[in-house]
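Beneath this line is the structure, given in structure tokens, with notes to follow.
The basis for the numbers below is simple: all heavy atoms, side chains too, and nothing from hydrogens, waters or symmetry mates. Below, chains carry the letters A, B, ... as their sequence lines are ordered, and counting in each starts from 1.
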Amino acid sequence: MGRANDDAAAALEEYADLFAMSGGDAFRVRSYQKAAKAIAGYPGDISRVNVREVPGVGEAIAKKVEEFLQRGSFHQLDDLRIQVPEGVRRLTRVATLGPKKAVFLYRELGIDSPEALAEAIREGRLAGLKGFGAKTEENLLKGIEQLQQAGERVHLGVAMDVAEQIIASLPAEKIAYAGSLRRMKDTIGDIDILAVGPETLMEEFKRQPYVAEVIASGNLKTSIRTTRGLQVDLRLVPAESWGAAMQYFTGSKEHNVLLREMCVKRGWKLSEYGLFEGETVIASKTEEEIYAALGMQWVPPEMREDGGEVRAALRGELPEPVTLGDLKGDLHTHTNLTDGIATLEEMVEAAAGRGYAYYAVTDHAPNLFMQRMTHEKMLEQRARLHRLQDEYPHMRLLHGTELNIAPDGTVDWPAEILQGFDICVASVHSHFTQSRDEMTRRFITACENPDVHVIGHPTTRKIGKRPPVDADWEAVFAAAARTNTALEIDAYPDRADLPPDLARLARHHGVKFSIDSDSHAVPHLDNMRFGVGIARRAWLTTDDVINTWPLDRLLTFLGRT
DNA sequence: GCCGTTTTCGGCCCGACTGTTTTCAGTCG
């Protein structure tokens, strides 16, 4: 996946927003959005191929993209950025506030940021404004609060992308990311990178095109802000302290405090330079040496959160968390029959390339009206999938669907149709604001449906955009365990759903899990690693995760033998 | 602005919900 694709897609999305806000034709807005989505999901690197090959990109958009690749922007975008201030676009990130109202507020009252809007509401300046009643004001304030709580953190996918780009750009002897990124936290505040190399590496770092601002710079540490607004710290460490530095800067702080307390009791000292007894180095080169010297198992970074891992490691009782290599298939993916952008054949081919033993296609069902799914289209897809099976003797193709859980907990099709699927995922896509009791009942009803195998992205949160729904999760987990309904760990990094803490709680209830990519394009299949990160943070083993199981065991779980 | 023809124009994912309105615009998925 080329980063050029993501950058160009982001520019087109921004252009679509600004174009909509400046009163542009809605169909053209959609063209820009569609092209952005297609470019982001395009498997090839658009800086190396003719971007006109991407479906949804015609002559006009191709010219914009080419100019963007040349100089990092295009002139139509420059023009609109002058007309619509950056803060006004940020207004549309407030829930329930779209382009029309944002521009209206800007024109009428000069409101040019979420902060300015909050102030205007508090000062009563919106009173009497057409279309802005008391309820609207209340909703806007709530939306602004949520936005501020999300803060400046980005989701793991964005941070990983930046970190990998930086690592690839620097000629170090040794270089790796540490910090919350290595622990695979779902949101990341800043990126820590450690390197072994010459001091000239710092100069090289500061010259890179992704650097927007140098915050601080010395011989051993440089802090920058990237063009995407993320802070990155690069530290030079001595080769002989590599393990100690990785251990120290990976954290978490709480995990490290526990280790250092243990050291103090033994008269030792643990720092980023090593484990010492007086002046004598006991261990420093590798993390494994350090943990071994402390008389404990090496702790996987994802588990270093002071969640009982230190005690377990001292006793030699750390579970072996699931790895990417353990996954034998993906059980939630889409094609362009609904809202994916790749064909069935392209998705299946890419899945086979990953060496999967099975792969489920789960397009949306009729109750999400915008997807225009019908019984006939579904049956046609099933026939196509069955024909395709002959070409993949080593990968079992499963025909599934992603059902919509209605407010009362029911799903799209009647039982006799559902039983024709190999697997049914069911997810909430609307009515997010139901009361806790209603939402809990809704999930439990879905779990109790014998034809529902997996609850998709259970909390329905979108990091930075939408909070999780409110439910009595313990009651939902108990129902899932009782009914043998798996809960999904949606690996798509802006979802990361279930979140790690809830997944760990669910495990205590005996719930099984399905780690799925929820792919809507070929490159999304790679997001699986983020789902594995969540699972490892939740201490899940292969026994907990149904898509690490051999096909026979999976089919038994699905009741499809 | 894109696309696929009924091949250079006319359609483009469409329905529900919310808060405001008194018949609907805006937002969302």
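- Qualifying side chain to side chain contact (heavy atoms under 4.5 Å, CB included) partners for Thr459(A), counting only residues two or more places apart in sequence or in other chains: Arg461(A), Pro468(A), Trp473(A), Asp497(A), Leu498(A), Pro499(A), Leu502(A).
- Separating the CZ atom of Phe27(A) from the C1' atom of dG4(B) is a distance of 16 Å, rounded to the nearest angstrom.
- Between Glu59(A) atom CD and dG1(B) atom P there is a gap of 11 Å when expressed in whole angstrom units.
- Evaluation of the side chain to side chain contact (heavy atoms under 4.5 Å, CB included) rule for Asp412(A) yields Ala365(A), Pro366(A), Asn367(A), Leu403(A), Asn404(A) as partners, not counting sequence neighbours.
- Between Asp25(A) atom CG and dG11(B) atom P there is a gap of 14 Å when expressed in whole angstrom units.
- Comparing the P positions of dT7(B) and dG11(B) gives an interatomic distance of 15 Å, to the nearest angstrom.
- Side-chain contact of His429(A) with Glu402(A): a donor-acceptor pair under 3.5 Å is present, judged by distance alone.
- Following rounding to the nearest Å, Tyr32(A) (OH) and dC2(B) (P) show an atom-to-atom distance of 7 Å.
- Residue Arg28(A) places none of its side-chain N or O atoms closer than 4.0 Å to OP1 or OP2 of dC2(B).
- Here dT18(B) presents its P atom at 20 Å from CD of Glu137(A), a figure rounded to the nearest Å.
- Within the 4.0 angstrom heavy-atom criterion, only backbone atoms of the sugar-phosphate kind lie near Ala134(A); the bases stay farther away.
- The salt bridge (Lys or Arg N to Asp or Glu O under 4.0 Å) contacts involving residues 22-43 of chain A comprise nothing, where partners must be two or more places apart or lie in separate chains.
- Here Lys63(A) does not reach the OP1 or OP2 of dG1(B): none of its side-chain N or O atoms lies under 4.0 Å away.
- Residues forming a side chain to side chain contact (heavy atoms under 4.5 Å, CB included) with Ala481(A) (at least two apart in sequence, or on another chain): Val511(A).
- Whole-Å rounding puts the Glu53(A) CD to dC3(B) P distance at 13 Å.
- Pairing partner, dT8(B): none, since no Watson-Crick or wobble contact has both distances short of 3.5 Å.
- Along DNA chain B, the nucleotide nearest to Arg372(A) and the one nearest to Thr433(A) differ in position, and the one closer to the 5' end is contacted by Arg372(A).
- Ion pairing between a basic and an acidic side chain is recognised when a charged N comes within 4.0 Å of a carboxylate O; Glu448(A) and Arg482(A) show such pairing.
- Comparing the C1' positions of dC9(B) and dA16(B) gives an interatomic distance of 32 Å, to the nearest angstrom.
- Residue Lys135(A) has its side chain nearest to dT20(B) when only dT20(B), dG1(B), dC17(B) are considered.
- Among the atoms of the strands shown, none is found under 4.0 Å from any heavy atom of Lys462(A).
- Nucleotides dC13(B) and dC28(B) place their C1' atoms 13 Å apart, quoted to the nearest Å.
- Straight-line distance between the C1' atoms of dT20(B) and dT27(B): roughly 13 Å, to the nearest whole Å.
- As judged by a 4.0 angstrom heavy-atom cut-off over every strand, Val57(A) is placed among residues touching the sugar-phosphate backbone only.
- Every residue two or more places apart in sequence or in another chain that forms a salt bridge (Lys or Arg N to Asp or Glu O under 4.0 Å) with Glu59(A) is listed here: Arg52(A), Lys63(A).
- Looking at Glu138(A) and Lys142(A), no side-chain N of the basic residue comes within less than 4.0 Å of a carboxylate O on the acidic one, giving no salt bridge.
- Between the C1' atoms of dT6(B) and dG10(B), the separation comes to 11 Å (whole Å).
- If you take atom P in dT21(B) and the same atom in dA25(B), they sit 13 Å apart, rounded to whole Å.
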Distances for protein N/O vs nucleotides 23-29 of chain B N/O pairs under 3.5 angstrom?
{"unit_1": "dT27(B)", "atom_1": "OP1", "unit_2": "Gly98(A)", "atom_2": "N", "d": "2.6"}
{"unit_1": "dT27(B)", "atom_1": "OP1", "unit_2": "Gly98(A)", "atom_2": "O", "d": "3.0"}
{"unit_1": "dT27(B)", "atom_1": "OP1", "unit_2": "Lys101(A)", "atom_2": "N", "d": "3.1"}
{"unit_1": "dT27(B)", "atom_1": "OP2", "unit_2": "Lys100(A)", "atom_2": "N", "d": "3.2"}
{"unit_1": "dT27(B)", "atom_1": "O5'", "unit_2": "Gly98(A)", "atom_2": "N", "d": "3.4"}
{"unit_1": "dC28(B)", "atom_1": "OP1", "unit_2": "Thr96(A)", "atom_2": "N", "d": "3.1"}
{"unit_1": "dG29(B)", "atom_1": "OP1", "unit_2": "Arg466(A)", "atom_2": "NH1", "d": "2.7"}
{"unit_1": "dG29(B)", "atom_1": "O3'", "unit_2": "His429(A)", "atom_2": "O", "d": "3.2"}

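- Nucleotides dC12(B) and dC17(B) have their C1' atoms positioned 23 Å apart, rounded to a whole Å.
- Between Asn139(A) and dG19(B), a side-chain N or O to OP1/OP2 separation shorter than 4.0 Å is present.
- Annotation: dC3(B) and dT8(B) have their C1' atoms spaced 11 Å apart (nearest Å).
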